[in-house]
Asks: 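Quick one: the structure is below, questions incoming.
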Amino acid sequence: MAKEFRAPGKDVVQKVWQEFGLNEQRVKESVEALKKWLAMEPHLPEESGSLHEARLERWLIRCKNSMERTKQSIDLYYTLKSLSLDIMCDWNPRSKWYQDAVQRTCCFPMPELTPEEDRVTVIKYLTKDAINNLHEDLFRLCLMTTEVRMSEDYSFTDIVILDLENYTLEHASKVKLTTLKKGEVCLMKAFNSRLKAVHIINAPSCAEILIALIKAVLSSKLTSRIHVYGKDLTNFTKQVPQMCLPDDLGGTGGSLQENWNLWLKKLDSYHDWFLQHDNFKSDESKRQGGNFNFGDLFGFDGSFRKLNVD
């Protein structure tokens with residue numbers, strides 16, 4: 001039976017803090033410094049409360065206790081919420097797009113950390129139905145899940161499992177490089193996710209294009225961490241502890257659907273916060289020092305808005 005996702009215990013928190021040279025006092029001081037910095041940036045929104053402080057702490061950890069990197073990541077996060085409405089906004093777990101998407105796709109972290117304190121996240125197409133905007137909606141689900149983890153989770157790195165059991169030629173025909181690149185920027189730079197490995201399992205031959213595009217948007221360092229498996233999962237199950245895998249994939253962590261159902265409840269519990277937080281985004285008209293430069297993010301000159309055009 002699947003377990004509910006709960007914040008790791010104090011022993012894990014201490015390990016994570018120690019890894020990045022932090023302790024309770026340093027965390028408190030750093031969070032206060034980030035709050036003061038945010039208050040001095042006229043283009044960034046004003047947030048408050050314990051949830052806000054918890055997210056600032058996770059940002060600091062994800063940026064390896066680098067104050068400068070943390071500021072850059074936070075700035076980018078609010079900027080993308082202003083400029084990438086298709087995947088960074090409308091995170092309403094009671095909206096129509098969401099209700100449709102969660103029947104066709106899933107994205108959830110397993111409740112147990114690995115012995116190395118890494119978090120395993122499972123992503124899967126639940127049906128062979130490939131509707132328009134499915135990939136955009138899947139990224140939105142992944143970002144919503146990541147947002148909850150920013151408030152509750154502690155871990156060193158991420159291990160992602162992408163299950164392509166139901167992936168079809170129709171799915172392949174609707175993959176857009178621009179969507180994958182936007183998702184990569186949001187996850188890897190705005191949330192500063194730290195990928196240890198990506199395991200692509202049950203990959204059919206029609207997934208070659210998707211895999212090639214995923215590799216195209218990732219750095220060579222991250223590309224080397226992608227591992228692809230067909231229907232034979234013998235080698236895959238040796239890479240991830242059984243307790244961190246759903247029963248469906250040879251693990252002991254409860255069925256995939258049980259885990260997904262529990263995460264749907266978790267996401268719904270954030271309903272009010274998601275709606276309120278849709279309003280927290282950058283005001284680019286107030287940015288000091290000129291417009292935000294996206295050239296370094298995408299490898300070419302131009303704005304994020306232009307990237308929306310296929």
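All figures in this text were calculated on a predicted structure; none of them were measured in a lab.
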Asks: Of all the heavy-atom pairs spanning Pro115 and Met243, show the shortest one and how long it is.
Replies: CD-CE, 3.9 Å

Asks: Ion pair present between Asp137 and Arg140, side-chain N to carboxylate O less than 4.0 angstrom?
Replies: yes

Asks: Keeping the roles fixed (side chain from Thr237, backbone from Thr234), state whether a donor-acceptor pair exists under 3.5 Å.
Replies: yes

Asks: Quick one, Arg62 and Arg149 - any side-chain contact, counting heavy atoms below 4.5 Å?
Replies: yes

Asks: For the atom pair CZ (Phe139) and OG (Ser84), what is the distance rounded to the nearest 0.5 Å?
Replies: 10.5 Å

Asks: Check Glu152 with Lys266, please: is the shortest side-chain N to carboxylate O separation under 4.0 Å?
Replies: yes

Asks: Tell me, do Phe108 and Leu264 make a side-chain contact under 4.5 Å, heavy atoms counted?
Replies: no

Asks: Answer yes or no on whether Lys71 is positioned over the face of Trp59, meaning its NZ or CZ is under 6.0 Å from the six-membered ring centre and within 45° of the axis.
Replies: no

Asks: Linking I/L/V/M/F/W/Y whenever their side-chain heavy atoms sit closer than 4.5 Å, directly or via other members, would Ile61 and Leu195 fall into one cluster?
Replies: yes

Asks: List the steps and the verdict of salt bridge (charged side-chain N to carboxylate O under 4.0 Å, His left out) for Asp158 and Arg194.
Replies: CA-CA 6 Å; Asp158 289 312; Arg194 301 176 59 225; over 6 Å; no

Asks: For the CG atom of Leu233 and the CG atom of Asp163, what is their distance to the nearest 0.5 Å?
Replies: 8.0 Å

Asks: For Asp90, is there any backbone N or O sitting under 3.5 Å from a side-chain donor or acceptor partner on Trp97?
Replies: yes

Asks: Report the C-alpha distance between Gln103 and Gln99 in whole Å, list the side-chain angles of each, state the deciding distance to 0.1 Å, and finish with yes or no for side-chain hydrogen bond (donor to acceptor under 3.5 Å, both in side chains).
Replies: CA-CA 7 Å; Gln103 299 299 318; Gln99 296 299 325; 5.4 Å; no

Asks: Between the side chains of Asn166 and Thr168, does any donor sit under 3.5 Å from an acceptor?
Replies: no

Asks: Could you walk me through whether Arg225 and Leu222 pass side chain to side chain contact (heavy atoms under 4.5 Å, CB included), step by step?
Replies: CA-CA 5 Å; Arg225 299 175 186 177; Leu222 292 179; 3.7 Å; yes

Asks: List the atom of Ser255, the atom of Pro246, and the distance in Å for their closest heavy-atom pair.
Replies: C-CB, 4.2 Å

Asks: Contact between Leu162 and Ile201 at the side-chain level, heavy atoms closer than 4.5 Å - yes or no?
Replies: no

Asks: State whether the number of non-hydrogen atoms from other residues, nucleotides or ligands found under 6.0 Å of Leu85 atom CG is greater than 12.
Replies: yes

Asks: Measuring from Asp247:CG to Thr252:OG1, what's the distance to the nearest 0.5 Å?
Replies: 7.0 Å

Asks: Under a 3.5 Å distance rule, please check whether Trp91 uses its side chain to pair with a backbone N or O of Ile87 as donor and acceptor.
Replies: yes

Asks: With rounding to the nearest 0.5 Å, note down the distance linking CG in Leu34 to CG in Leu60.
Replies: 6.5 Å

Asks: Does some side-chain heavy atom of Asn23 sit less than 4.5 Å from a side-chain heavy atom of Arg26?
Replies: yes

Asks: Would you say Asp248's side chain and Leu256's backbone share a donor-acceptor pair under 3.5 angstrom?
Replies: yes

Asks: Of all the heavy-atom pairs spanning Phe274 and Pro93, show the shortest one and how long it is.
Replies: CD1-CD, 3.9 Å

Asks: Does atom NZ of Lys10 have more than 12 heavy-atom neighbours from other groups under 6.0 Å away?
Replies: no

Asks: Between Asn259 and Ala2 (side chain of the first, backbone of the second, donor and acceptor by atom type, cut-off under 3.5 Å), is there such a pair?
Replies: no

Asks: Check the pair Glu32 / Lys36 against salt bridge (charged side-chain N to carboxylate O under 4.0 Å, His left out), numbers first and verdict last.
Replies: CA-CA 6 Å; Glu32 287 302 313; Lys36 290 180 180 178; over 6 Å; no

Asks: Less than 4.0 Å between a side-chain N and a carboxylate O, is that true for Lys15 and Glu19?
Replies: no

Asks: Could you tell me the separation between the OH atom of Tyr77 and the CG atom of Leu44, rounded to the nearest 0.5 Å?
Replies: 12.0 Å

Asks: Quick one: does Glu184's side chain get under 4.5 Å of Lys189's, heavy atoms only?
Replies: yes

Asks: Does the separation of the ring centres of Phe280 and Tyr78 fall below 6.0 angstrom?
Replies: no

Asks: Give the intermediate values and the outcome of side chain to side chain contact (heavy atoms under 4.5 Å, CB included) for residues Ile226 and Lys215.
Replies: CA-CA 8 Å; Ile226 296 177; Lys215 290 182 177 181; 3.8 Å; yes

Asks: For Cys63, does its backbone N or O pair with a side-chain atom of Ser66 as donor and acceptor, under 3.5 Å?
Replies: no

Asks: Hydrogens and angles aside, do His199 and Tyr229 bring a side-chain donor and acceptor to less than 3.5 Å of each other?
Replies: yes

Asks: Any side-chain heavy atom of Tyr98 within less than 4.5 Å of one from Arg94?
Replies: no

Asks: Would you say His227 and Asn235 are linked by a side-chain donor-acceptor pair, where the criterion is simply a distance under 3.5 Å?
Replies: no

Asks: Within a strict 4.5 Å, meaning less than it, do heavy atoms of the Thr179 and Val175 side chains meet?
Replies: no

Asks: If every non-hydrogen atom of Thr105 is compared with every non-hydrogen atom of Leu126, which pair is closest and at what distance?
Replies: O-CD1, 3.6 Å

Asks: If hydrophobic clusters are built by linking Ile, Leu, Val, Met, Phe, Trp and Tyr wherever their side-chain heavy atoms come under 4.5 Å apart, do Val198 and Leu180 end up in the same one?
Replies: yes

Asks: Out of Glu117, Glu57, Gln14, which one pairs with Tyr154 under the side chain to side chain donor-acceptor pair (under 3.5 Å) rule?
Replies: Glu57

Asks: Quick check: closest heavy atoms across Asn65 and Gly21, and the distance to 0.1 Å?
Replies: ND2-O, 3.8 Å

Asks: Count the heavy atoms belonging to other residues, nucleotides or ligands that lie under 6.0 Å from CD of Glu208, then report whether that count exceeds 12.
Replies: no

Asks: Please check if the side chain of Ser224 supplies one atom and the backbone of Lys221 the other of a donor-acceptor pair under 3.5 Å.
Replies: yes

Asks: Distance-only, no hydrogens or angles: does the Arg119 side chain make a donor-acceptor pair with backbone N or O of Met110 under 3.5 Å?
Replies: yes

Asks: Ignoring hydrogens and angles, tell me if any N or O in the side chain of Asn133 forms a donor-acceptor pair with the backbone of Glu136 under 3.5 Å.
Replies: no

Asks: Measure the spacing between CG of Leu143 and OG1 of Thr145 and express it to the nearest 0.5 Å.
Replies: 8.5 Å

Asks: Side-chain heavy atoms nearer than 4.5 Å, only ILVMFWY residues, links allowed to pass through others: does that put Leu169 and Leu177 together?
Replies: no

Asks: Any side-chain heavy atom of His171 within less than 4.5 Å of one from Leu134?
Replies: yes

Asks: Taking only Lys NZ, Arg NE, NH1 and NH2, and the carboxylate oxygens of Asp or Glu, determine whether Arg287 and Glu284 approach each other closer than 4.0 Å.
Replies: yes

Asks: Assess whether side chain to side chain contact (heavy atoms under 4.5 Å, CB included) is satisfied between Leu213 and Lys176, documenting all intermediate values.
Replies: CA-CA 8 Å; Leu213 290 177; Lys176 300 176 183 177; over 6 Å; no

Asks: Treat each ILVMFWY residue as a node, draw an edge where side-chain heavy atoms are under 4.5 Å apart, and state whether Val120 and Val16 are in one component.
Replies: yes

Asks: Side chain to side chain contact (heavy atoms under 4.5 Å, CB included) between Leu51 and Trp273: does it pass, once the steps are laid out?
Replies: CA-CA 10 Å; Leu51 201 59; Trp273 186 85; 3.1 Å; yes

Asks: Before accepting this row, confirm whether a basic side-chain N of the pair Glu147/Arg55 lies closer than 4.0 Å to the acidic partner's carboxylate O.
Replies: yes

Asks: Indicate the atoms forming the closest heavy-atom contact of His43 with Lys286, along with that distance.
Replies: CB-C, 3.7 Å

Asks: Between Arg58 (side chain) and Asp153 (backbone), is there a donor-acceptor pair under 3.5 Å?
Replies: yes

